Amino acid sequence: DVKVTQSSRYLVKRTGEKVFLECVQDMDHENMFWYRQDPGLGLRLIYFSYDVKMKEKGDIPEGYSVSREKKERFSLILESASTNQTSMYLCASTTGDASEHYGYTFGSGTRLTVV
Amino acid sequence: AQKITQTQPGMFVQEKEAVTLDCTYDTSDPSYGLFWYKQPSSGEMIFLIYQGSYDQQNATEGRYSLNFQKARKSANLVISASQLGDSAMYFCAIGGRGGGSYIPTFGRGTSLIVHP
């Protein structure tokens, strides 16, 4: 079974902490994405990567950075966590051309609370 | 730029009845894909169905079908014979080109509740 694994299901962090959210996929996908999901706002794209060491800003990159040192791993970094970053974070991956067979494969999400 | 609009924040349907979830889109890409995802309360995003912009026929997957009207830029999801387990959030998405990949843009979602 194809898998996208997010390292933590729930996280509680303090304001100002540096936070790492890890995402690993075992499908040899080129493209990986980080979204945040908030009620009433749907999924909003933070960053994406289409190759190792490549990254592109999405719609809401402020306050976040990413790292992709290996093809299978895409990390989201909150440099200094703030309460307005409390949210559900979803990682997704796909091949170079999302297909009718697989679409985008998502991890199970990390619910982050910043206190 | 791409945009997905889901105008129904919440929908209710009786078990065993059919329900249509609305989705309209906007894109300047000549080639694109449309997707529907289901998100139960557990939080996982489950891929339901895909429609390519050049596909001549509407996509179907079991009880799910996509009513694709390209001229109207709509991609409504039809769920036939609703089941209690269909209660979930449903997201419509469009995949466009950017950085060599299809980058999906999601709508705000529709919450579906199936009554017994």
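Just so it is clear, the model here is predicted, and its values are computed rather than measured. Residue numbers begin at 1 in each chain, while the letters A, B, ... track the order of the sequences.
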> Got more than 12 heavy atoms from elsewhere within 6.0 Å of NZ, Lys70(B)?
Replying inline: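 For Lys70(B), atom NZ is crowded (more than 12 foreign heavy atoms under 6.0 Å).
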>> With a 6.0 Å cut-off (strictly less than), is the heavy-atom count around CZ of Arg111(A), excluding the residue itself, greater than 12?
In response: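 Counting neighbours around CZ of Arg111(A), 12 or fewer heavy atoms of other residues, nucleotides or ligands fall under 6.0 Å, so no.
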> Quick one: what part of Leu45(A) sits under 4.5 Å from any heavy atom of chain B, side chain, backbone, both or neither?
Replying inline: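 Contact with chain B is through the side chain of Leu45(A) alone.
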> At a heavy-atom separation under 4.5 Å, does Arg9(A) approach chain B through its side chain, its backbone, both, or neither?
Replying inline: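 Contact with chain B involves the side chain of Arg9(A) alone.
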Please say yes or no: joined through hydrophobic side-chain contacts below 4.5 Å, possibly via intermediate residues, are [X] and [Y] part of one cluster?
| X | Y | value |
| --- | --- | --- |
| Val114(A) | Ile46(A) | yes |
| Tyr54(B) | Phe35(B) | no |
| Leu112(A) | Ile60(A) | yes |
| Val78(B) | Trp36(B) | no |
| Tyr50(A) | Trp34(A) | no |

> Would you call Gln37(A) and Phe91(B) a side-chain contact if the rule is heavy atoms closer than 4.5 Å?
Replying inline: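 With C-beta onward as the side chain, the pair touches.
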>> Could you tell me if the side chain of Leu43(A) sits less than 4.5 Å from the side chain of Gln39(B), heavy atoms only?
In response: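 Not touching, per the 4.5 Å side-chain cut-off.
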>> If I take atom OG1 from residue Thr105(A) and atom CD from residue Glu44(B), how far apart are they, to the nearest 0.5 angstrom?
In response: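 CD of Glu44(B) is found 12.5 Å from OG1 of Thr105(A).
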>> At a 4.5 Å cut-off on heavy atoms, which part of Gln6(B) comes close to chain A: side chain, backbone, both, or neither?
In response: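 Neither part.
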>> Looking at every heavy atom in both Leu90(A) and Met45(B), which two are closest together, and how far apart are they?
In response: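 Smallest interatomic distance, heavy atoms only, reads CD1-CG, 4.1 Å.
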> Using a cut-off of under 4.5 Å for heavy-atom pairs, which of Pro39(A), Gly109(A), Gly40(A) has the most such pairs with chain B?
Replying inline: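 Greatest number of close heavy-atom pairs with chain B: Gly40(A).
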> In terms of ring plane angle, is the pair Tyr104(A) and Tyr37(B) parallel, tilted or perpendicular, where the classes change at 30° and 60°?
Replying inline: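 If you compare the ring of Tyr104(A) with that of Tyr37(B), the planes turn out tilted.
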